[in-house]
Amino acid sequence: MKDSRGSKGFSFVEILIAIILVGLSITALVMASNSFTQANATGADISTAEFLIEQIRERTTLLPLVDGDPAVPWIDLGPESGETTVASYNEVDDFDGFNSTALGAPIDAAGNLLNELSAFSQRVTVEKVSKTDFDTVRADTDTSTPFARVTVRVFLNGREISSASWIRARY
């Protein structure tokens, strides 16, 4: 005589354990997918920030550091009177204090607004630095150094996400 309770299927406990394991696996996959999506978005934001830094670097690469005769000591940083728009900036020191937030969007290398990137902003600082130690900032009125450090900081919705600096010589 055969036992009618034989092993013809899974018990309720076995099915319950299988469902729990499948549920945990799906939850882990969804969480991993969300993490990968966030990492990808962060990477895209950092890449955009680096692009915006390079736009300022390219914009200023061919510009002289300051106006005028190299024999005359340079004092001021920032745009001179009459240089009221980015398009009128004709030397690197004009960019000191530049903040693209006032324009509503960052600029490209030609000075055009990048409206599709309006959540980003660029801030530029130009500082005179010691000719023997580029980490030492000199006063704007210091005429003993021909060097300046250009720093571009990029913000996304007001939070800094990238920055870069480089040294420029007056001549």
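Scope of the values below: all heavy atoms of this structure, side chains included, with no hydrogens, waters or symmetry mates.
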dist L114:CG -> L52:CG (nearest 0.5 Å) comes out at 6.5 Å
F155 meets the ring pair (Phe, Tyr, Trp, His ring centres under 6.0 Å) criterion, sequence neighbours left out, with none
Quiz item: So if you build clusters from Ile, Leu, Val, Met, Phe, Trp, Tyr with side-chain heavy-atom gaps below 4.5 Å, do V152 and L65 land together?
Solution: yes
Closer than 3.5 angstrom, by distance alone: can the side chain of N112 be matched with the main-chain N or O of D108 as a donor-acceptor pair?
no
Looking only at heavy atoms, the pair that brings G104 and S118 closest together is O-CB, 3.4 Å
In terms of heavy-atom contacts, A49 and F120 come closest through N-CE2, 4.5 Å
Any donor-acceptor pair under 3.5 Å linking the side chain of Q38 with the backbone of S35?
no
What one should report as the nearest heavy-atom pair of F98 and V86 is CE1-CG2, 3.2 Å
- [ ] Say whether, by atom type as modelled, one donor and one acceptor occur between the side chain of E127 and the main chain of R149 under 3.5 angstrom.
- [x] no
Honestly, is R57 close enough over W166, meaning NZ or CZ under 6.0 Å from the six-membered ring centre and within 45° of the axis?
-> yes
Here the gap from E54 atom CD to R59 atom CZ, rounded to the nearest 0.5 Å, amounts to 15.5 Å
- Query: Is the count of non-hydrogen atoms from other residues, nucleotides or ligands lying under 6.0 Å from F134 atom CZ greater than 12?
  - Reply: yes
Please check this pair: side chain of K128 against backbone of A148, looking for a donor-acceptor N/O pair closer than 3.5 Å. no
request  = Using the side chain to side chain contact (heavy atoms under 4.5 Å, CB included) rule, take L103 and L113 through it: C-alpha gap first, then chi angles, then the decisive distance, then the call.
outcome  = CA-CA 8 Å; L103 302 174; L113 289 178; 3.7 Å; yes
Does S100 use its side chain to pair, donor to acceptor, with the backbone of Q122 at less than 3.5 Å? yes
Would a single hydrophobic cluster contain both I161 and I107, if residues Ile, Leu, Val, Met, Phe, Trp and Tyr are joined by side-chain heavy-atom contacts under 4.5 Å? yes
Quiz prompt | Working for side chain to side chain contact (heavy atoms under 4.5 Å, CB included), residues V92 and V150 | solution = CA-CA 8 Å; V92 175; V150 180; 3.7 Å; yes
So OG1 of T145 and CZ of R138: to nearest 0.5 Å the spacing works out to 7.5 Å
Quiz prompt | Close side-chain approach of V129 to T136, heavy-atom, < 4.5 Å | solution = no
dist I53:CD1 -> S165:OG (nearest 0.5 Å) comes out at 9.0 Å
| task | Report whether L16 and L24 are members of the same hydrophobic cluster (ILVMFWY, side-chain heavy atoms less than 4.5 Å apart, transitive linking). | result | yes
Can you check whether E50 reaches S162 side chain to side chain, under 4.5 Å on heavy atoms? yes
Practice task
Answer yes if the side chains of D133 and S130 hold a donor-acceptor pair under 3.5 Å, and no otherwise.
Solution key: no
Is the number of heavy atoms from other residues, nucleotides or ligands under 6.0 Å of L62 CG greater than 12? no
Q.
Let me check something: do F147 and V124 share a hydrophobic cluster, defined by ILVMFWY side-chain heavy atoms less than 4.5 Å apart, either directly or through other members?
A. no
- Got a donor-acceptor contact below 3.5 angstrom from the D96 side chain to the V126 backbone? yes
Separation between CZ (F95) and OG1 (T60), nearest 0.5 Å, reads 6.5 Å
Verify same cluster id: F12, I20 (apolar side-chain graph, 4.5 Å): yes
Interatomic distance, CG@L63 vs CD@E91, rounded to 0.5 Å, equals 8.0 Å
